[in-house]
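I am attaching a structure below and will ask some questions about it afterwards.
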Amino acid sequence: MGSLGTNPMSFSAIPDDKVAFEPLNPEDVRAYLHKAVDFISDYYTNVESMSVLPNVKPGYLQDELSASPPTYSAPFDVTMKELRTSVVPGMTHWASPNFFAFFPSTNSAAAIAGDLIASAMNTVGFTWQASPAATEMEVLALDWLAQLLRLPATFMNRTSTGRGTGGGVILGTTSEAMLVTLVAARDAALRRSGSVGVSDLPRLAVYAADQTHSTFFKACRLAGFDPANIRSIPTGPETNYGLDPAKLLEVMQADADAGLVPTYVCATVGTTSSNAVDPVGAIADVASMFNAWVHVDAAYAGSACICPEFRHHLNGVERVDSISMSPHKWLLTCLDCTCLYVRDAHRLSDSLETNPEYLKNDATESGEVTDLKDMQVGIGRRFRGLKLWMVMRTYGTAKLQEHIRSDVEMAKMFEDFVRADDRFEVVVPRNFALVCFRLKASGTMTEQDADEANRLLMENLNKTGKAYLAHTVVGDKFVLRFAVGSSLQEERHVRSAWDLIKKTTSSIMD
């Protein structure tokens with residue numbers, strides 16, 4: 001091994017057997033966390049100047065660090081040095097104000113503080129008794145958010161008259177929300193059909209638009225639905241790629257006539273590809289004819305519905321069975337935080353409940369509390385409610401609405417830039433803070449030529465490290481997605497990105 005000054009890994013060869021191991025030594029906790037907080041603060045100060053996409057190869061980290069775990073301890077400063085020199089250069093910086101890909105992954109000082117404190121407390125709140133405050137905080141935060149969204153009281157854990165029949169739970173992702181509601185809908189349909197066990201499972205059918213996130217189709221398979229009975233209903237520009245209730249009715253009726261059991265419909269408010277909005281109320285009306293469960297996936301756009309001008313996108317929600325939205329996308333609450341609300345909590349817990357002897361307790365037996373383990377896939381759970389509550393408590397409704405509106409205004413500005421340049425077209429009407437645009441076919445260019453030009457434009461943009469955009473396919477066209485919403489974004493970043501797009505376009509079109 002080299003000297004201590006030239007090889008940080010040499011610290012690992014120095015055993016310190018004389019000092020008792022205290023992983024939570026108070027002075028270490030204070031010192032390590034101060035250094036971590038300094039790192040975080042410096043990161044947010046400098047992330048704008050970092051290349052959004054890293055230039056590393058698969059396996060790079062094992063080459064830079066050791067392929068084998070160290071036997072002996074090292075000073076924490078060595079760990080932090082390796083974090084800075086090896087880990088950070090391999091990061092895609094979602095926190096960068098030059099990140100315009102996918103959907104935003106927002107954060108805030110209050111959320112980071114809440115997540116840090118929750119991690120330090122490290123409670124495992126599977127039952128109310130296991131940590132009363134963790135359950136109570138999650139219930140409170142969910143009910144606060146339900147009020148911001150103006151959800152009907154039937155979705156709340158606590159109402160003005162006491163405990164409600166509905167309720168909510170904070171899960172990790174939308175995938176989990178879809179999976180647990182699919183399981184509950186599956187079991188309800190099997191009971192309705194008089195199935196012995198799961199004998200009728202091959203008859204159950206589920207429905208969504210072709211714009212619905214791919215996680216829905218994955219969750220259906222996990223829940224045991226026959227892939228042949230998973231309906232992906234085509235959409236088109238005539239509905240701005242939203243689900244057509246008339247087509248849904250036609251497909252569900254055909255299945256019912258063929259002896260299948262329409263079981264579950266997923267409506268989306270803000271699809272990933274184009275931010276399309278499915279008509280919630282009309283879909284609920286169709287589904288009610290077949291007693292099918294309706295779930296609303298509002299992962300991204302649900303956050304916007306805290307603003308009165310966007311709330312109409314949830315009209316009809318009082319007639320659906322469940323709705324989920326993810327504050328970690330656009331409501332300044334770091335990953336992971338997906339809020340699932342159900343109109344009848346018992347339909348969920350009946351399918352997911354576990355009651356081993358070692359978890360039995362008086363509070364659960366009283367029926368006065370909700371054990372959140374019975375509304376999710378697993379048993380153990382993090383204290384996610386703390387960061388959500390800290391965000392709402394610290395910033396208040398007015399500032400959260402201001403945050404949403406600012407992003408929407410910047411997206412409008414970018415949309416105006418695109419429309420003013422005759423080389424480009426806006427592919428679908430902008431919803432919320434996502435603009436879907438592309439270089440349009442002109443002159444002798446075919447649509448295939450235009451697709452290749454757009455692909456090249458995106459690749460060249462991303463190679464600069466000064467911006468990061470992702471793509472989708474809408475109406476068989478290769479489309480660039482420009483998603484405003486990174487927590488550090490300002491108008492100047494949107495303007496700079498547009499200047500870069502124009503410059504890069506000129507370089508590939510000349």
Would you name the heavy atoms of His313 and Cys305 that are closest together and state the gap between them?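 Residues His313 and Cys305, closest heavy atoms: CB-SG, 4.4 Å.
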Near-ring test His295/Phe216, centroid separation under 6.0 angstrom: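 Phe216 vs His295: aromatic centres not under 6.0 Å.
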With distance as the sole test, does Thr472 use its side chain to make a donor-acceptor pair with the main-chain N or O of Ser273 at under 3.5 Å?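 Looks like no, no N/O pair under 3.5 Å.
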Whether Asn361 side chain and Gln129 backbone form a donor-acceptor pair below 3.5 Å: no
Non-hydrogen side-chain atoms of Phe126 and Val124 separated by less than 4.5 Å: yes
Heavy atoms of other groups near Glu250 CD, more than 12 under 6.0 Å: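 No, not enclosed.
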Has Asp278 got a side-chain atom pairing as donor or acceptor with Thr268's backbone, closer than 3.5 angstrom?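 Here the side-chain-to-backbone pair exists.
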If we count only N and O atoms by modelled type, under 3.5 Å, do the side chains of Asp143 and Gln147 hold a donor and an acceptor together? no
Heavy-atom side-chain proximity of Met392 to Leu400 below 4.5 angstrom: yes
Salt bridge present between Asp200 and Arg203 (N-O < 4.0 angstrom): yes
For a 4.5 angstrom cut-off between non-hydrogen side-chain atoms, does Asp77 reach Lys81?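 The answer is no, as the side chains (C-beta and beyond) never meet within the 4.5 Å cut-off.
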Asp344 vs Asp321 side-chain heavy atoms within contact, under 4.5 Å: no
Tell me whether Gln376 contacts the main-chain N or O of Gly378 through its side chain, where contact means a donor paired with an acceptor under 3.5 Å. yes
Gln211-Thr271 side chain donor-acceptor pair, cut-off 3.5 Å: no
If only side-chain N and O atoms count, and only distance matters, is there a donor-acceptor pair under 3.5 Å linking Tyr207 with Asp255?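 Tyr207 and Asp255 do have a side-chain donor-acceptor pair below 3.5 Å.
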Polar side-chain atom of Lys373 near backbone of Asn355 as donor-acceptor pair, under 3.5 Å: no
Hey, are Asp371 and Thr364 close enough side-chain-wise for a donor-acceptor pair under 3.5 Å?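 Yes, a side-chain donor-acceptor pair sits under 3.5 Å.
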Going from OG1 on Thr165 to CZ on Phe155, what distance comes out if it is rounded to the nearest 0.5 angstrom?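 If we round to the nearest 0.5 Å, Thr165:OG1 and Phe155:CZ are 9.5 Å apart.
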Whether over 12 other heavy atoms sit under 6.0 Å from Asp257 CG: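 Above 12, so yes.
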More than 12 foreign heavy atoms under 6.0 Å from NZ of Lys399: is that the case here?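 Check fails, neighbour count at 12 or below.
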Once side-chain contact (heavy atoms from CB on, under 4.5 Å) is applied, do any residues pair with Val280, and if so which ones, sequence neighbours excluded?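 Counting only residues at least two positions away or on another chain, Val280 forms a side-chain contact (heavy atoms from CB on, under 4.5 Å) with Val269, Val296, Val320.
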Pair Ser322, Trp293: side-chain N/O donor-acceptor within cut-off below 3.5 Å: yes
Donor-acceptor pair, Ser41 side chain versus Val37 backbone, under 3.5 Å?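 Looks like no, no N/O pair under 3.5 Å.
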Keeping Ser66 on the side-chain end and Ser68 on the backbone end, is there a donor-acceptor pair under 3.5 Å? yes
Does Ser288 offer a backbone N or O that forms a donor-acceptor pair with the side chain of Arg319 under 3.5 Å? no
If we check side chain to side chain contact (heavy atoms under 4.5 Å, CB included) with Ser303, which of these qualifies: Phe432, Trp330, Phe310? Trp330
Using the ring pair (Phe, Tyr, Trp, His ring centres under 6.0 Å) criterion, which residues pair with Phe102? Sequence neighbours excluded. Trp94, Tyr468
Spacing of Leu83 atom CG and Met91 atom CE [to the nearest 0.5 Å]: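 Output value for this atom pair is 9.0 Å.
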Trace of the side-chain contact (heavy atoms from CB on, under 4.5 Å) decision for Thr333 with Ser108: CA-CA 7 Å; Thr333 307; Ser108 63; 5.9 Å; no
With Glu136 via side-chain contact (heavy atoms from CB on, under 4.5 Å) - residues at least two apart: Trp128
Let's go through Phe100 and Arg481 carefully: what are the C-alpha distance in whole Å and the side-chain angles of both, what is the deciding distance for side-chain contact (heavy atoms from CB on, under 4.5 Å) to 0.1 Å, and is it a yes or a no? CA-CA 8 Å; Phe100 300 98; Arg481 298 170 71 265; over 6 Å; no
Mind checking the CG-NZ spacing from Asn107 to Lys387? Nearest 0.5 Å is all I need.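 Output value for this atom pair is 8.5 Å.
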Do the charged groups of Asp187 and Arg347 touch, with an N to O distance under 4.0 Å? no
Under 4.0 Å between a Lys/Arg side-chain N and an Asp/Glu carboxylate O for Asp336 and Arg382?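 So Asp336 pairs with Arg382 through a salt bridge.
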If you count heavy atoms of other groups shown closer than 6.0 angstrom to CZ of Arg393, is the number above 12? no
Between Ser486 and Ser96 (side chain of the first, backbone of the second, donor and acceptor by atom type, cut-off under 3.5 Å), is there such a pair? yes
Between Asp210 and Ser232, a side-chain donor and acceptor under 3.5 Å: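 On atom types as modelled, these side chains do not qualify, holding no pair under 3.5 Å.
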Phe76 side chain near Lys35 side chain, heavy-atom distance below 4.5 Å: yes
Side chains of Ser324 and Thr338 only: does a donor on one sit below 3.5 Å from an acceptor on the other?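 On atom types as modelled, these side chains do not qualify, holding no pair under 3.5 Å.
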Return the minimal non-hydrogen interatomic distance between Tyr300 and Leu434, and the atom names on each side.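 Where Tyr300 meets Leu434 most closely, the heavy atoms are OH-N, 4.2 Å.
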Leu190 backbone acceptor or donor facing Ser193 side chain under 3.5 Å: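 Yes: the side chain of Ser193 pairs with the backbone of Leu190.
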Working to the nearest 0.5 angstrom, can you tell me the gap between Leu372 CG and Leu352 CG?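 One gets 12.0 Å once the value is rounded to the nearest 0.5 Å.
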Just how far is it from atom CG of Leu151 to atom CD of Glu318, taken to the nearest 0.5 Å? 10.5 Å
Just by distance, no angles: are the side chains of Ser195 and Ser199 close enough, under 3.5 Å, to form a donor-acceptor pair? yes
For Arg186 and Ala223, work out which heavy atoms get closest and say how close.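 Here Arg186 and Ala223 meet closest at NH1-O, 2.9 Å.
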In this structure, are over 12 heavy atoms from other groups packed under 6.0 Å from Met289 atom CE?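 Check passes, neighbour count above 12.
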Report yes if the side chains of Leu204 and Asn229 come closer than 4.5 Å at any heavy-atom pair, otherwise no.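 No, their side chains stay 4.5 Å or more apart.
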Please report the interatomic distance OG1(Thr174) to CG(Leu340), rounded to the nearest 0.5 Å. 9.5 Å
Is any side-chain N of the basic residue among Arg381 and Glu138 closer than 4.0 Å to the acidic one's carboxylate O? yes
One thing to verify: whether Glu309 and Arg405 come together as a salt bridge, which I'm taking to mean a side-chain N less than 4.0 angstrom from a carboxylate O. yes
